[in-house]
Amino acid sequence: MEWNEKLQMIIDYVEQHLQRVQEPIDPGEISKIAECSFGFFQKVFSYMNGISFAEYVRSRKLTLAGYDLKSTDQRVVDVSYLYGYDSPTSFTRAFQQFHGVSPKEARISKTKLKVVPKMQVSVKQEYTWRVEQKPAFRLIGKSIRFFCDDEEKPSKILEFWSECQRNGVFSCLISMDKGEPPGLFGLFHNVEESRNEMQYSIMAAADGEVPEGYGEFLIPETSWAVFDLSGPVPQAIHSGWKYLEEEWLVKYPFRHAKCPELEWYSSGNFYDKNYLSQIWIPILDGEQ
């Protein structure tokens with residue numbers, strides 16, 4: 001296992017203990033993950049990130065404490081003990097130094113608090129791709145339209161997936177899926193490019209009747225550049241699109257066919273480290 005992967009596991013361990021189980025961070029457990037002594041890990045962490053491990057954990061504690069004070073009615077004394085401070089006095093002193101305001105002032109609606117986000121370690125990504133000729137097929141599913149810029153697009157799409165999982169659409173699509181191998185598709189349509197309006201659909205390859213409230217889309221026979229992505233989504237999909245937009249789409253020699261770009265999500269656990277997803281780019285194969 002590479003160092004970056006170990007570091008990401010340790011960062012995840014820290015967040016798990018700070019936010020969920022709310023237990024002290026065990027240096028012995030970190031040493032096991034890092035496969036070295038805790039002291040050596042601290043030196044490497046500081047060298048790589050320009051901040052000590054203790055300072056990072058402290059910053060995360062005080063960031064989360066700020067969230068709690070803003071969004072709940074928990075007493076300051078309870079929040080101080082929750083994040084491992086020996087007394088409300090020591091917590092108040094640390095909070096004031098970090099945020100520039102006292103815990104009491106933090107509850108005022110317009111008070112701004114400092115945020116140190118969870119560290120994201122850049123793990124080396126490798127992709128495989130191939131050109132595949134696929135026959136025409138039919139998709140059935142649900143769609144949304146929205147106006148947004150590039151920064152808002154991922155959050156809008158993620159919200160749509162979450163909504164479909166809550167309201168039963170996701171289960172309905174899985175039951176209709178006739179794809180081989182099974183999986184669901186995400187489709188991008190530029191409805192009105194001049195107005196920055198986009199349509200995104202979640203669909204299954206199906207041959208039955210279209211249920212009420214659903215739509216269909218016919219994908220013509222097309223050549224596709226298919227990219228295999230490995231890892232939990234949406235991170236793997238986001239990384240894949242970033243690679244395509246920054247490198248492959250700029251340099252590849254094929255012309256884009258008149259067909260939506262597709263995402264494909266295999267059946268299985270979306271959060272598994274080996275989860276398979278794909279990006280399909282429609283191309284005019286053989287034309288330069």
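Just so you know, these numbers use all the heavy atoms, side chains as well, and skip hydrogens, waters and symmetry mates.
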Asker: Ignoring hydrogens and geometry beyond distance, is a side-chain donor-acceptor pair present between Gln8 and Asp12 at under 3.5 Å?
Answerer: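 Present: a donor and an acceptor within the cut-off.
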Asker: Taking transitive links into account, so neighbours of neighbours count too, which hydrophobic residues share a cluster with Trp280 at under 4.5 Å side-chain distance?
Answerer: Phe137, Leu139, Phe185, Leu187, Met203, Phe217, Ile219, Trp224, Val226, Leu262, Trp264, Leu276
Asker: Treating Ser80 as the side-chain partner and Val77 as the backbone partner, does any N or O pair qualify as donor plus acceptor under 3.5 Å?
Answerer: yes
Asker: Is the shortest side-chain heavy-atom distance between Glu263 and Tyr200 below 4.5 Å?
Answerer: yes
Asker: If you look at every heavy atom in Tyr13 and Pro24, which pair is closest and at what distance?
Answerer: OH-O, 4.3 Å
Asker: Please evaluate residues Leu113 and Val115 with respect to the criterion side chain to side chain contact (heavy atoms under 4.5 Å, CB included), reporting the C-alpha separation (whole Å), side-chain torsions for both, the decisive distance (0.1 Å), and the verdict.
Answerer: CA-CA 7 Å; Leu113 299 181; Val115 171; 5.7 Å; no
Asker: Are Gln278 and Leu229 close enough that some pair of their side-chain heavy atoms sits under 4.5 Å apart?
Answerer: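 Answer no - side chains too far apart.
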Asker: Are any side-chain N or O atoms of Lys142 and backbone N or O atoms of Gly213, one a donor and one an acceptor, separated by less than 3.5 Å?
Answerer: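 Yes, because the side chain of Lys142 sits within donor-acceptor range (under 3.5 Å) of the backbone of Gly213.
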Asker: For the residue pair Phe45 and Phe53, does the interplanar ring angle fall in the parallel (under 30°), tilted (30 to 60°) or perpendicular (over 60°) class?
Answerer: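 It falls in the perpendicular class, over 60°.
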Asker: Can a salt bridge be assigned to the pair Glu15 and Arg60 using a cut-off of 4.0 Å between side-chain N and carboxylate O?
Answerer: yes
Asker: Between Asp177 and Gly183, is there a donor-acceptor pair closer than 3.5 Å when you use the side chain of the first and the backbone of the second?
Answerer: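 Side chain of Asp177 to backbone of Gly183: a pair is present.
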Asker: Thinking salt bridges, do Arg107 and Glu105 make one under a 4.0 Å N-O criterion?
Answerer: no
Asker: Which residues satisfy the salt bridge (charged side-chain N to carboxylate O under 4.0 Å, His left out) test with Glu159, sequence neighbours excluded?
Answerer: none
Asker: Within a reach of under 6.0 Å around NZ of Lys118, are more than 12 heavy atoms found that belong to other residues, nucleotides or ligands?
Answerer: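 Enclosed.
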Asker: Please evaluate residues Asp228 and Trp129 with respect to the criterion side chain to side chain contact (heavy atoms under 4.5 Å, CB included), reporting the C-alpha separation (whole Å), side-chain torsions for both, the decisive distance (0.1 Å), and the verdict.
Answerer: CA-CA 6 Å; Asp228 290 330; Trp129 72 284; over 6 Å; no
Asker: Treating Ile, Leu, Val, Met, Phe, Trp and Tyr as nodes and any side-chain heavy-atom pair under 4.5 angstrom as an edge, say whether Phe98 and Ile51 lie in one connected cluster.
Answerer: yes
Asker: Do Lys6 and Glu35 pass the side chain to side chain contact (heavy atoms under 4.5 Å, CB included) test, and can you show the C-alpha distance, the side-chain angles, and the key distance before you say yes or no?
Answerer: CA-CA 9 Å; Lys6 296 175 185 177; Glu35 298 180 330; 2.9 Å; yes
Asker: Is Phe95 close to Val76 at the side-chain level, that is, under 4.5 Å between some pair of heavy atoms?
Answerer: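 Not in contact.
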Asker: Decide ring-ring contact (aromatic ring centres under 6.0 Å, His included) for Tyr275 and Phe270; before the verdict, give the C-alpha distance in whole Å, the side-chain angles of both, and the deciding distance to 0.1 Å.
Answerer: CA-CA 6 Å; Tyr275 177 78; Phe270 281 2; 5.2 Å; yes
Asker: Less than 4.5 Å apart, side chain to side chain, heavy atoms only: is that true for Tyr85 and Val79?
Answerer: no
Asker: Taking all atoms of both residues into account, what is the closest heavy-atom pair of Ile10 and Ala34, and its distance?
Answerer: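 Taking every non-hydrogen atom into account, CD1-CB, 3.9 Å.
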Asker: Please name all residues satisfying side chain to side chain donor-acceptor pair (under 3.5 Å) with Gln97, sequence neighbours left out, ordered by chain then number.
Answerer: none
Asker: I'd like to check Leu62 versus Leu64 (side-chain heavy atoms, cut-off strictly below 4.5 Å). Are they in contact?
Answerer: no
Asker: State, to 0.1 Å, how close Glu261 and Pro282 come at their nearest heavy-atom pair, and which atoms those are.
Answerer: CG-CD, 3.9 Å
Asker: Measure from the side-chain N and O atoms of His99 to the backbone N and O of Lys114, and report whether any donor-acceptor pair falls under 3.5 Å.
Answerer: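 Answer holds: yes.
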Asker: Please enumerate all residues that pass side chain to side chain donor-acceptor pair (under 3.5 Å) together with Thr72, with sequence neighbours excluded.
Answerer: Gln74
Asker: Return the minimal non-hydrogen interatomic distance between Ile140 and Leu173, and the atom names on each side.
Answerer: O-CD2, 3.4 Å
Asker: For Arg75, check side chain to side chain donor-acceptor pair (under 3.5 Å) against everything at least two apart and list the hits.
Answerer: Asp78
Asker: I would like to know whether Gln96 and Ser102 meet side-chain hydrogen bond (donor to acceptor under 3.5 Å, both in side chains); could you show each step before the answer?
Answerer: CA-CA 5 Å; Gln96 177 92 39; Ser102 69; 4.7 Å; no
Asker: Test ring-ring contact (aromatic ring centres under 6.0 Å, His included) on Tyr265 and Trp161 and set out the steps.
Answerer: CA-CA 12 Å; Tyr265 299 88; Trp161 275 93; 4.8 Å; yes
Asker: Between the main-chain N or O of Cys172 and the side-chain N or O of Ser175, is there a donor-acceptor pair closer than 3.5 Å?
Answerer: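 Judged by distance alone, yes, a pair lies under 3.5 Å.
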Asker: Donor-acceptor check, side chain of Ser31 to backbone of Pro27, threshold 3.5 angstrom: yes or no?
Answerer: no
Asker: Check whether any side-chain heavy atom of Asp86 sits under 4.5 Å from a side-chain heavy atom of Phe91, and report yes or no.
Answerer: no
Asker: Indicate yes or no: does Glu55 engage Arg58 in a salt bridge with an N to O separation below 4.0 Å.
Answerer: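 A salt bridge links Glu55 with Arg58.
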Asker: Any non-hydrogen side-chain atom of Ser267 less than 4.5 Å from a side-chain atom of Pro181?
Answerer: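 SC-SC contact between Ser267 and Pro181 ruled out.
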Asker: Applying side-chain hydrogen bond (donor to acceptor under 3.5 Å, both in side chains), run through Tyr47 and Gln42 and close with a yes or a no.
Answerer: CA-CA 9 Å; Tyr47 175 77; Gln42 289 178 298; over 6 Å; no
Asker: Stepwise, does the side chain to side chain contact (heavy atoms under 4.5 Å, CB included) test hold for Leu69 with Lys104?
Answerer: CA-CA 8 Å; Leu69 290 171; Lys104 182 177 180 180; over 6 Å; no
Asker: Please check if the number of heavy atoms outside Asn269 that lie under 6.0 Å from its CG is greater than 12.
Answerer: yes
Asker: For a 4.5 angstrom cut-off between non-hydrogen side-chain atoms, does Gln165 reach Ser171?
Answerer: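 No, their side chains stay 4.5 Å or more apart.
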Asker: Side chain of Thr222, backbone of Pro220: donor and acceptor closer than 3.5 Å?
Answerer: yes
Asker: Could you tell me whether the side chain of Asp26 and the main chain of Gly28 form a donor-acceptor pair under 3.5 Å?
Answerer: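 The answer is yes, because a donor-acceptor pair under 3.5 Å joins these two groups.
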Asker: What pair of heavy atoms forms the shortest contact from Gly231 to Ala236, and how long is it?
Answerer: O-CB, 3.6 Å
Asker: How close do Val233 and Ser277 get, counting heavy atoms only, and between which atoms?
Answerer: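 It is CG1-OG, 3.9 Å.
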Asker: For Lys32, enumerate each residue passing the salt bridge (charged side-chain N to carboxylate O under 4.0 Å, His left out) test, keeping only those at least two apart in sequence or located in another chain.
Answerer: none
Asker: Ignoring hydrogens and angles, tell me if any N or O in the side chain of Arg138 forms a donor-acceptor pair with the backbone of Gly208 under 3.5 Å.
Answerer: yes
